[in-house]
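Right, one structure below, let's go through it.
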Amino acid sequence: MLLKELQPGTRGRVVAYSKASPDYRRRLLTLGAVPGTPFEVVRIAPLGDPVEIRVRGSMISVRRDEATIMEVTALK
């Protein structure tokens, strides 16, 4: 499943990055979104861009096209 498929309030875990450019992957890793890290989708802008997630206590805004490369699993 991809990050863009989750709804606000959903908790998940980062699994991997598919087809990510090295620069973008490095940016997400620096911000704390490493594989295995739990996160929560806080909100999605009205037009679907950007998606705001809470990772390790920090809020990260991810563009919708960038959210298509973040593979996640939903937590219950």
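These numbers come from a predicted model, not from an experiment. All heavy atoms count here, side chains included; hydrogens, waters and symmetry mates do not.
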Check Met1 against Leu6 and note the closest heavy-atom contact, atom names and distance.
->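 Closest approach of Met1 to Leu6: SD-CD2, 3.3 Å.
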Taking all non-hydrogen atoms of both residues into account, name the closest pair between Gly32 and Arg56 and its distance.
->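 Result for this residue pair: O-NE, 3.6 Å.
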Is the shortest side-chain heavy-atom distance between [X] and [Y] below 4.5 Å?
X     : Y     : answer
Arg25 : Asp23 : no
Leu2  : Val72 : no
Met70 : Tyr17 : yes

Identify which one of Thr10, Leu3, Ile44, Leu31 satisfies the side chain to side chain contact (heavy atoms under 4.5 Å, CB included) criterion when paired with Ile53.
->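 Per the side chain to side chain contact (heavy atoms under 4.5 Å, CB included) rule, the option paired with Ile53 is Leu3, out of Thr10, Leu3, Ile44, Leu31.
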For Arg26, the option from Leu29, Thr30, Leu28 that meets side chain to side chain contact (heavy atoms under 4.5 Å, CB included) |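 With Arg26 as partner, Leu29, Thr30, Leu28 yield a single side chain to side chain contact (heavy atoms under 4.5 Å, CB included), made by Thr30.
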At what distance, to the nearest 0.5 angstrom, does CZ of Arg13 lie from CD of Glu71?
-> 15.5 Å
Salt bridge (charged side-chain N to carboxylate O under 4.0 Å, His left out) with Asp49: of Lys4, Arg63, Arg43, only one passes, and it is Arg63
Honestly curious: do Val55 and Val41 fall in one hydrophobic cluster under the side-chain, below-4.5 Å linking rule?
-> yes
Does the side chain to side chain contact (heavy atoms under 4.5 Å, CB included) test come out yes or no for Val34 and Val14, once each step is laid out?
-> CA-CA 7 Å; Val34 297; Val14 179; over 6 Å; no
